[in-house]
Q: 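Have a look at this one.
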2 protein chains.
Amino acid sequence: MDISFNDIKQKFQGCGLKTTPQRTAIYDALLRSTAHPTAEDLFDQVAPQFPMMSLNTVYYTLGVLRTSGLIHEVNIGHTRARFDANLSPHHHLICVECQAIVDVMDPRLNRLTSPAGIPKDFEITSYQVAFRGFCGSCRRHAGRSINHSSSGLHPTTVKGGLHGKSS
Amino acid sequence: MDISFNDIKQKFQGCGLKTTPQRTAIYDALLRSTAHPTAEDLFDQVAPQFPMMSLNTVYYTLGVLRTSGLIHEVNIGHTRARFDANLSPHHHLICVECQAIVDVMDPRLNRLTSPAGIPKDFEITSYQVAFRGFCGSCRRHAGRSINHSSSGLHPTTVKGGLHGKSS
DNA sequence: TGTTAAATAGTAATTATTCTTAAATAGGAA
DNA sequence: TTCCTATTTAAGAATAATTACTATTTAACA
Ligand SMILES: [Mn+2]
Ligand SMILES: [Mn+2]
Ligand SMILES: [Zn+2]
Ligand SMILES: [Zn+2]
């Protein structure tokens, strides 16, 4: 599941984007990451190869890639934008302590049906489920014990939950 | 479903918060709104009654109310924070054009089960579904026609979808 | 009524992101 | 291959939301 330079070049061409070294490095770094990095994370990662590069270029590049549909922006809180090159439909688990974002690939979540009681003239184009909680390391540090009752979640073992029609 | 000054005062006391006129006005304005206003929206609304009030006070107050659990912060994008005094479990519909936020009270969404394939040591404490799309007025302006296929959503009429165990 | 910790208001500072502009360059045309 | 030009990059300035600092005021309680 590794991606080559030519794969990236073709994606860029398909979107009418020039294949520059900076852009390639930024997109490649994002493709290799599952951490949903910030613009600055990506800058820190590619800067060693491009000592002249400015953070501005990272923002510009991410904006172009997002507009072209090659990446998504994932938002948690209003502090800083996080980016994701994984375009397959999925959802996220967010640690409220360290802000880690973990992918949730459970396909059942991609089958939610239209909610009831919304304005009839509203057109829904997508949806996203954000689970919040504490990652393992944050939980260990804080000495938290698992408290399922606070989540409002039914345990996974409850049958029939979460599914859309498995048509 | 109106709320009185004494109701508010009791909530504040229950959290160990002083009942000041500014704080009462801000919380009252938020309770009366279903628009999920920003700090500045609330400032604009209460400022006429308190010509001396600073926007800073609104931020401070919202921070205190959130820490006390009396309000929630709703985030869409990373631009500005939106606030919600409706504590009943619910979800949101967001217009990507005008940033309107509409409540989604469908109780089926509150019964999602634990997702599969997440780190076993992650403790989920809550989750939130954010539906995105175009509100009626934005859709009319842009001359958009409804395109259900783009949403990935099954129509509401699909039976059995979206439900957790109806225990 | 007096005391005190909490709240307010005014201002300054910070942080993330966007804007502006000039120089560099990728990719197509000649 | 060389030239042309729109795109991209880089540097710095500007903006917008939020937070920090601090002196003054005040709600709550003794
Ligand atoms: Mn992801
Ligand atoms: Mn709401
Ligand atoms: Zn964590
Ligand atoms: Zn709208």
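What you see is a predicted model, and the numbers here were worked out from it, not measured in a lab.
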Q: A:Phe12 CZ to D:dT8 C1': how many Å, rounded?
A: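 Atom-to-atom, A:Phe12 to D:dT8, this comes out as 12 Å.
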
Q: How do B:Glu73 and B:Pro21 order along DNA chain D: which one's closest nucleotide is nearer the 5' end?
A: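 Comparing both residues, the 5'-ward one is B:Glu73.
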
Q: For B:Tyr127 and B:His91, take the angle between the two ring planes, folded into 0 to 90°, and tell me which bin it lands in: parallel under 30, tilted 30 to 60, perpendicular over 60.
A: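 Aromatic pair B:Tyr127/B:His91 classed parallel.
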
Q: Determine, for B:Asp28 against B:Arg32, whether the closest basic-nitrogen to carboxylate-oxygen distance falls under 4.0 angstrom.
A: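 Looking at B:Asp28 and B:Arg32, the cut-off is met.
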
Q: Mapping A:Val64 and B:Tyr59 onto DNA chain D by nearest heavy atom, which one lands closer to the 5' end?
A: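 It is A:Val64 whose nearest nucleotide is closer to the 5' end.
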
Q: For B:Glu97 and B:Arg139: C-alpha separation, side-chain torsions, deciding distance, then whether salt bridge (Lys or Arg N to Asp or Glu O under 4.0 Å) applies.
A: CA-CA 9 Å; B:Glu97 190 85 10; B:Arg139 205 152 51 69; over 6 Å; no

Q: Remember a base hit wins even if backbone is also touched, and classify A:Thr57 as base, sugar-phosphate or nothing at under 4.0 Å, heavy atoms.
A: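 Contact class for A:Thr57: base.
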
Q: Give the minimum heavy-atom separation between B:Phe83 and B:Ile71, together with the two atoms involved.
A: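 That closest heavy-atom pairing would be CD2-CD1, 3.9 Å.
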
Q: Hey, which sits more toward the 5' end of DNA chain C by its nearest nucleotide, A:Glu40 or A:Lys18?
A: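 Nearest-nucleotide comparison on DNA chain C picks A:Glu40.
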
Q: Just call it for A:Thr38: base, sugar-phosphate, or nothing, with non-hydrogen atoms closer than 4.0 Å on any strand.
A: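 Nothing: the residue A:Thr38, judged by heavy atoms under 4.0 Å, touches no strand.
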
Q: Let me know the distance between CZ of A:Phe50 and P of D:dA10, rounded to the nearest Å.
A: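 Rounding to the nearest Å, CZ of A:Phe50 and P of D:dA10 are 9 Å apart.
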
Q: Of all the choices, D:dT8, D:dA27, D:dA11, which nucleotide is nearest to the side chain of A:Tyr60 once you look at every atom?
A: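 Nearest nucleotide to the side chain: D:dT8.
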
Q: Under 4.0 Å between a side-chain nitrogen and a carboxylate oxygen: does that hold for B:Arg140 and A:Asp121?
A: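 Here B:Arg140 pairs with A:Asp121 in a salt bridge, since their nearest N and O are under 4.0 Å apart.
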
Q: Nearest whole Å is fine: how far is D:dA17 P from B:Asn75 CG?
A: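 Distance check: B:Asn75 CG to D:dA17 P gives 14 Å.
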
Q: From the options B:Glu73, B:Arg82, B:Arg80, B:His78, select the one residue that forms a side-chain hydrogen bond (donor to acceptor under 3.5 Å, both in side chains) with A:His78.
A: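 The single option meeting the side-chain hydrogen bond (donor to acceptor under 3.5 Å, both in side chains) with A:His78 is B:Glu73.
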
Q: Using a heavy-atom cut-off of 4.0 Å to chain A, what are the terminal contacting nucleotides of DNA chain C, in 5' to 3' order?
A: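 The contacted stretch runs from C:dA16 to C:dG27.
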
Q: Starting from C1' on D:dA10, measure out to CE on A:Met52 and report it in whole angstrom.
A: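 A:Met52 atom CE is separated from D:dA10 atom C1' by 9 Å.
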
Q: 5'-most contact on DNA chain C: B:Gln22 or A:Asn56, nearest heavy atom basis?
A: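 Here B:Gln22 is the residue nearer the 5' end.
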
Q: Counting the atoms with a prime plus P, OP1 and OP2 as sugar-phosphate, which does B:Thr19 contact under 4.0 Å by heavy atoms, base, sugar-phosphate, or nothing?
A: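 Touches sugar-phosphate only.
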
Q: Is there a side-chain contact between A:Thr20 and the phosphate of D:dT7, meaning an N or O under 4.0 Å from OP1 or OP2?
A: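 Indeed not, no polar side-chain atom of A:Thr20 lies that close.
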
Q: Considering all heavy atoms of both residues, which atom of A:Ala25 and which atom of A:Phe50 are nearest to each other, and what is their separation?
A: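 Smallest heavy-atom distance, with atoms named: CB-CE1, 3.6 Å.
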
Q: Round to the nearest Å and state the distance from A:Leu65 atom CG to D:dT7 atom P.
A: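 So the two atoms are 16 Å apart, to the nearest Å.
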
Q: Report which part of the nucleic acid B:Ala81 touches: base, sugar-phosphate, or nothing (heavy-atom distance under 4.0 Å, all strands).
A: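 Here B:Ala81 touches the backbone only, sparing every base.
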
